[in-house]
Number of protein chains: 2
Amino acid sequence: MLRSPDRVTLADIAARAGVSLATASRALSDSYGVSPGTRDRVRSVADQLSFVVSPEASRLAGGRTGRVAVVVPHLSRWFFAEMLAGVEEVLREAGIDLLLYNVDTLDHRRHFFERLPARRKVDAVVVLAFPVTEEERQRLDLLGVGIVAAGGQSARYPFVCIDDRAAGAQAMDHLLSLGHERIAMIAAETPLAPGWPAVNRRSLAYHEALAAAGIPADPALVRDGDWGGEEGAAAMADLLASGPPPTAVYAHSDEVALGALRTLRREGLRVPEDVSVIGIDDHPLAALSDLTTVHQGVREQGRTAGQMVLGLISQDPTAARAAVVPTRLVVRGTTGPPRRG
Amino acid sequence: MLRSPDRVTLADIAARAGVSLATASRALSDSYGVSPGTRDRVRSVADQLSFVVSPEASRLAGGRTGRVAVVVPHLSRWFFAEMLAGVEEVLREAGIDLLLYNVDTLDHRRHFFERLPARRKVDAVVVLAFPVTEEERQRLDLLGVGIVAAGGQSARYPFVCIDDRAAGAQAMDHLLSLGHERIAMIAAETPLAPGWPAVNRRSLAYHEALAAAGIPADPALVRDGDWGGEEGAAAMADLLASGPPPTAVYAHSDEVALGALRTLRREGLRVPEDVSVIGIDDHPLAALSDLTTVHQGVREQGRTAGQMVLGLISQDPTAARAAVVPTRLVVRGTTGPPRRG
DNA sequence: TGGCGGTTCGGAAGCGCTTCCGACATCGGG
DNA sequence: CCCGATGTCGGAAGCGCTTCCGAACCGCCA
């Protein structure tokens, strides 16, 4: 049995503070029944020795794990990583450790929900921007801990997200106010997340805005694809191949918009003179392409989700169960009025 | 059938297998001194009840934690997230949990090394693409566990990275072979990582390539900045403001290159007709801007790092202590021969 | 002054596992 | 046929903590 270099235990703290093991434990875990004086004394001794309770022992003895699992479907995409960073920030400040589970393929996803590797290891779970199926929800319930959904609603869990319908409306209104009428939409759908409500609501906004402007929707101007840039490029190519180009393109995400941009440029179309393009996200690299977009505070959503988790863990009944963070239009260089003619 | 909370213990397994607790433990952990027959019997009982040892109890009793910490300086950047995904992939397959620590500011970094939140919680640590100082190395040693550096060498830890000098040479050779002579360099340096060797070696490649081609280096064509796109844009602007434009720009990263690209376009310079631009990374979004670059297998580096960690944990003396993954030039649309004249 | 409810604290029993140590059986060689 | 080496296994002692239970003590009212 190998011993770690530092072997300060609760017993040492208790001894130095002149209290029993039981009291020391209560003092550190902020339990009921310890006088403020004693508590502070124990705490200061612990701080002084930079002592932290062994999570293993604590958990084993029936306490909390001090850990939260975050399940993320696509780690290497900015949106997810950024939101994860937000969650991490809050948890770190609270001294909670973050267990990461990436489920970027259907196989991994199935594996995760079948084996439930987080079982008995965490006090709560954050489901990052993907909708769980009913079956998965049942599996997750087996963990017996609180769950929050970040970046989208899911299975009645407490959630934090943006108003996708409003975001879509912001994008469409911008295009419409510039005078566009022939507006294409490249909708994003991911095989990992069939039926992700965000998509539908962003599509809904498209149709609503068109209707409100008295413009008949043309199904030939709508394409579906995955969230990636290459998919956006392909959809745009398909759009161009099958008829006269639209004067504007509303993409469900910045990555998709960037893909569309590349296709347009390769085809010799000028942006925004010939075609305007708008996305949603405000991806930092999209700014480098001068993409007009709708900004959403991704990191902020992550942070809010982190706070919700903290509330769940501490059983705080006043903790928020829903949060919608606002979005805002960011006009850059890829949108302009349509050409006269 | 899995119940929550799952209350099957080793004792149950032992009883059903007709052995003692001690033997059951040995059988499951593959220790010495158990006959093959007994071991298989215990294992099949465990499988049948889908039993897994409680990591808490196991660790408390002197076993491993089954956890690895990954320290990453900038989660939301593709490079780091992608590499993290690689590490996660390997660890997940091995049944190891991944504890994430993001240290994206100097404060967080100091906090991490001072408090060592990973203390007593992990079997190994992966330091993701940032160099630790001597002082930090000493703190890290306090953890008493193995450490591997991914995405760059650091403090004599086992490492996996690319050959930055070779990568830089690939980029420079491409530019030179196109006939460029007036080549600018936008070097990246991050405040989080002073003296990061990758930078120096990418710069070294610049000077070596120039020298080998018999072209005198012009200090006026070199700029330093952070890794971000905005910094690249600023550096490019500065470059343009202070003299006749170069015919080519060698950027230390794709994000920097994308920034330079934006500045060039805003200034009305055509790419690659007027100015060629090359980066390093092969960022997926850079492909959407048709950026010529040097590809590095980021995810692969992460996976390799994950395997090194596994080797460390299992005390495998044959485990590799160093890996250099190859890079390759990817020619796209932002480079071409210089204009005649 | 006696008794009572409330507060603060200590003793001690585990939580589920690993591993030291020693018991026992078996087996080959002298 | 006996003895020690070898191979298997069980008993039991923790690992560091939480929490139940009850003891001690406080102030207060009758």
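Every chain is numbered from 1, with letters handed out A, B, ... down the list of sequences. Just the heavy atoms: all of them, side chains too, but no hydrogens, waters or symmetry mates, feed the values below.
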Ring pair (Phe, Tyr, Trp, His ring centres under 6.0 Å): which pairs involve residues 77-109 of chain B, sequence neighbours left out?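 Qualifying pairs: B:W78-B:H283, B:Y101-B:F112.
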Would you list the pairs meeting ring pair (Phe, Tyr, Trp, His ring centres under 6.0 Å) in which at least one residue belongs to residues 14-41 of chain A, sequence neighbours left out?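 Sorted pair list comes back empty.
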Can you measure [X] atom [atom1] to [N] atom [atom2] for me and round it to whole angstrom units?
| X | N | atom1 | atom2 | answer |
| --- | --- | --- | --- | --- |
| B:R120 | D:dC17 | CZ | C1' | 10 Å |
| A:R59 | D:dC17 | CZ | P | 16 Å |
| B:E56 | D:dC17 | CD | P | 14 Å |
| A:I13 | D:dC17 | CD1 | P | 9 Å |
| A:L28 | D:dT19 | CG | P | 13 Å |
| B:R64 | C:dT19 | CZ | C1' | 14 Å |
| B:D12 | C:dG16 | CG | P | 9 Å |

Partner set under side-chain contact (heavy atoms from CB on, under 4.5 Å) for [X], not counting sequence neighbours:
| X | value |
| --- | --- |
| B:Q307 | B:V90 |
| A:A11 | A:T9, A:L21 |
| A:A46 | A:I13, A:L28, A:F51 |

Selection residues 20-31 of chain B - residue pairs positive for side-chain hydrogen bond (donor to acceptor under 3.5 Å, both in side chains), sequence neighbours left out: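 Qualifying pairs: B:S20-B:T23, B:S29-B:S31.
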Is there any side-chain hydrogen bond (donor to acceptor under 3.5 Å, both in side chains) pair reaching into residues 49-66 of chain A, and which pairs are they, with sequence neighbours excluded?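 The answer is A:E56-B:R67, A:T65-A:D123.
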Between A:T9 and D:dG16, is there a contact of a side-chain N or O with OP1 or OP2 at under 4.0 Å?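 False: A:T9 side-chain N/O out of range (4.0 Å or more) of D:dG16 OP1/OP2.
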OP1, OP2 of C:dT18 versus side-chain N and O of B:S25: anything below 4.0 Å?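 Yes, such a contact exists.
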With the threshold set at 4.0 Å, does a side-chain nitrogen-carboxylate oxygen contact exist between A:R43 and A:D40?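 A:D40 and A:R43: not salt-bridged.
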How does each nucleotide of nucleotides 7-14 of chain D score, in 5' to 3' order, for protein heavy atoms under 4.0 Å: base (B), sugar-phosphate only (S), or none (-)? SSBBB--B
Partners of B:E114 by side chain to side chain donor-acceptor pair (under 3.5 Å), sequence neighbours excluded?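 Counting only residues at least two positions away or on another chain, B:E114 forms no side chain to side chain donor-acceptor pair (under 3.5 Å).
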Would you please name every residue forming a side chain to side chain donor-acceptor pair (under 3.5 Å) with A:Q48, sequence neighbours left out?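 Counting only residues at least two positions away or on another chain, A:Q48 forms no side chain to side chain donor-acceptor pair (under 3.5 Å).
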Would you check if A:M308 and A:F159 make a side-chain contact, meaning some heavy-atom pair closer than 4.5 Å?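 A side-chain contact under 4.5 Å is absent here.
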Over its full length, what angle do the end axes of the helix from C:dT1-D:dA30 to C:dG30-D:dC1 make, each axis taken from five pairs and the result rounded to 10 degrees?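 Result, rounded to 10 degrees: 60°.
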Heteroatom pairs (N/O) under 3.5 angstrom, protein to nucleotides 24-27 of chain D:
none

